[in-house]
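Working notes, structure below.
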Protein chains: 2
Amino acid sequence: MGRIGKSTDEIIEAATQLIDQNGLNNFQLGDVAKKMNMKSPSLYNHFDGLKDLIRAVQIKTNEMLFEKLQLDTQGLEGKDGFRKLCFAYRDFYQEHSGIYETMTIPIDKNDKELKRVTLKPVRLLTKFLSTLNMREEFSIHMVRFVRSSIHGFVDLEEQENLVIQVDAEQSFNILVDMLIDGIWRKSELKCNK
Amino acid sequence: MGRIGKSTDEIIEAATQLIDQNGLNNFQLGDVAKKMNMKSPSLYNHFDGLKDLIRAVQIKTNEMLFEKLQLDTQGLEGKDGFRKLCFAYRDFYQEHSGIYETMTIPIDKNDKELKRVTLKPVRLLTKFLSTLNMREEFSIHMVRFVRSSIHGFVDLEEQENLVIQVDAEQSFNILVDMLIDGIWRKSELKCNK
DNA sequence: AAAAATAAACTAACCCGATTAGTTTATTCA
DNA sequence: TGAATAAACTAATCGGGTTAGTTTATTTTT
């Protein structure tokens, strides 16, 4: 009950677009309000301030990433699925480098919801490694290796630190190949099964 | 000539300590000023505002990292040096997670000085891979692979995204082993020489 | 149907931190 | 000794996030 106003989801959508366009650093409540035809104090009826709105975008971004990864790898298994997953991840970054930044914001350890959605993409990765029948613990090490490499790559790319003339696309191809070679080889050693 | 004041280096040092203690997000000019017994507007005699001061810390951080890497790997070569370099990098992050953040700030492509210092640690890495006699271009791909993995690992760690009960130390050990295995194996294939 | 309750918008004001303008003080050079 | 310069200071401005208090629209209750 009570007065009907703008929907919270629409506000999150507007914020998402602004962050994706302008980057997290240039993100301001005033811009969100303007885009929604409201005044910034009104946003406090929906969110507990700037950080809380960014958190909402962080959740949405993880959901978006998960959906893209799931869609792109549909029907694939093992190596094929894994390779496709890596490229889909990087595609997402290239299309959404703005909101990608939100995924690197430290997560409050009491934030159940946020923790839940960040695990969704990770579980997908775990799925593609599961055919290897690695020991549970070892497969966690592998997941971390993969996430580190892929995230690290796009993060360095964003930082423009790779810009010597050599093609980044090619670097990423090789990176994925080497991840696959390494993980599949390692998984064939008995000691990890 | 002119009045003698606080030295610019001392201010950078103070800023470095504050960022290392409180994190980049909580960094404020007022705190620097207080620590230096001056008022914040006076800082503008040394720096062109907050961002410029942070840039100075970014430069200092890269220098510090370089020195640590160099020291820790002194006298080592090839695999040994490479492994030590990886661990030294992570040590640096663990000791200096605050200022580490500055190294992820995007670099203005016209900023010669900053670009110069960020290359110093990278060149050290290149050195340890040089014994492999890879094609120039291929070795750049390898450097990117390594940097991505290592930086990505500490970045995910910072984001607390790895905190399921499995030991991160062990994950990092395995990561480094797999980097070494992969790169040394690959370098033995004729096509890369 | 009217009144009470509630939720979401609004305006006005506040606060904090970065920055700018203008002034004072200390040092150096002529 | 005085002119020039550099670095500090005080006072004021500006921009964004936030808070307080009010108004408006909708729903529920009598």
Side-chain angles (χ1 to χ4, degrees), chain A residues 1-61 98-99 101-102 104-106 108 111 114, chain B residues 1-60 98-99 101-102 105-106 108 111 114:
Chain A
M1 111 195 242
R3 177 171 175 171
I4 288 195
K6 306 290 164 61
S7 99
T8 301
D9 281 352
E10 276 180 287
I11 299 174
I12 296 174
E13 174 61 28
T16 302
Q17 288 179 19
L18 285 169
I19 292 178
D20 222 9
Q21 285 162 25
N22 310 330
L24 191 51
N25 282 344
N26 304 311
F27 179 62
Q28 298 176 194
L29 287 186
D31 292 341
V32 179
K34 191 169 293 173
K35 188 161 180 140
M36 292 299 294
N37 292 315
M38 37 198 311
K39 308 291 169 171
S40 43
S42 310
L43 295 169
Y44 285 77
N45 291 313
H46 299 269
F47 301 97
D48 190 11
L50 180 70
K51 281 185 182 173
D52 188 43
L53 175 52
I54 291 174
R55 169 185 169 275
V57 175
Q58 195 173 7
I59 288 174
K60 186 183 170 101
T61 302
I99 54 176
E101 288 180 68
T102 63
T104 68
I105 298 171
D108 180 325
D111 190 337
L114 187 50
Chain B
M1 117 192 240
R3 178 171 177 173
I4 288 193
K6 307 290 162 65
S7 99
T8 301
D9 281 351
E10 277 179 287
I11 298 174
I12 296 174
E13 175 61 27
T16 302
Q17 288 178 20
L18 286 169
I19 292 178
D20 222 10
Q21 284 162 25
N22 311 331
L24 190 52
N25 282 343
N26 305 311
F27 178 62
Q28 297 176 193
L29 287 186
D31 293 340
V32 180
K34 191 167 294 173
K35 188 162 182 142
M36 293 298 295
N37 292 316
M38 39 197 311
K39 309 290 169 173
S40 41
S42 309
L43 296 169
Y44 286 77
N45 290 314
H46 299 269
F47 302 96
D48 190 11
L50 180 69
K51 280 185 182 174
D52 189 43
L53 175 52
I54 291 173
R55 169 186 170 275
V57 175
Q58 194 174 7
I59 288 173
K60 185 183 172 99
I99 54 177
E101 288 180 67
T102 64
I105 298 170
D108 181 324
D111 190 337
L114 188 50

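Remember, predicted model here, so these are calculated numbers, not experimental data. First the proteins, then the strands, lettered A, B, ... as listed; each starts at 1.
Between the B/Lys60 side chain and the B/Ile12 main chain, no donor and acceptor come within less than 3.5 Å of each other. Looking at B/Gln58, its side chain does come within 3.5 Å of a backbone N or O of B/Ile105 through a donor-acceptor pair.
Contacts between residues 3-18 of chain A and DNA chain C, counted as heavy-atom distances below 4.0 Å, involve A/Arg3, A/Gly5, A/Lys6.
Spacing between atom CZ of A/Phe47 and atom P of C/dA9 amounts to 11 Å, rounded to whole angstrom units. Spacing between atom NZ of B/Lys34 and atom P of C/dA18 amounts to 12 Å, rounded to whole angstrom units. Atom CE of B/Met36 is separated from atom P of D/dA8 by 8 Å (rounded to the nearest Å).
Summarising the geometry, atom NZ belonging to A/Lys6 is positioned 10.0 Å from atom CG belonging to A/Leu43; distances are rounded to the nearest 0.5 Å.
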Quiz item: Are B/Phe27 and B/Asn22 close enough, and set up right, to give a side-chain contact (heavy atoms from CB on, under 4.5 Å), and what steps lead you there?
Solution: CA-CA 7 Å; B/Phe27 178 62; B/Asn22 311 331; over 6 Å; no
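The closest side-chain heavy-atom distance from B/Leu24 to B/Val57 is not below 4.5 Å.
Residues passing the side-chain contact (heavy atoms from CB on, under 4.5 Å) test with B/Asp52, sequence neighbours excluded: B/Phe47, B/Asp48, B/Arg55.
For A/Asn45 against C/dA9, a side-chain-to-base donor-acceptor contact under 3.5 Å is present.
Taking every heavy atom of both residues into account, A/Met36 and A/Ala14 meet most closely at SD-CB, 3.8 Å. Taking both residues in full, the closest heavy atoms of B/Ala33 and B/Ser40 are given as CB-N, 3.5 Å, listed atom of the first, atom of the second, then distance.
Of the side-chain N and O atoms in B/Ser42, one or more sit less than 4.0 angstrom from OP1 or OP2 of D/dC9. For C/dA9, one of the phosphate oxygens OP1 or OP2 lies less than 4.0 angstrom from a side-chain nitrogen or oxygen of A/His46.
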Practice problem: Report, as a single string ordered 5' to 3', how protein heavy atoms within less than 4.0 Å touch nucleotides 12-20 of chain D: B base, S sugar-phosphate only, - not at all. | Solution: ----SSBB-
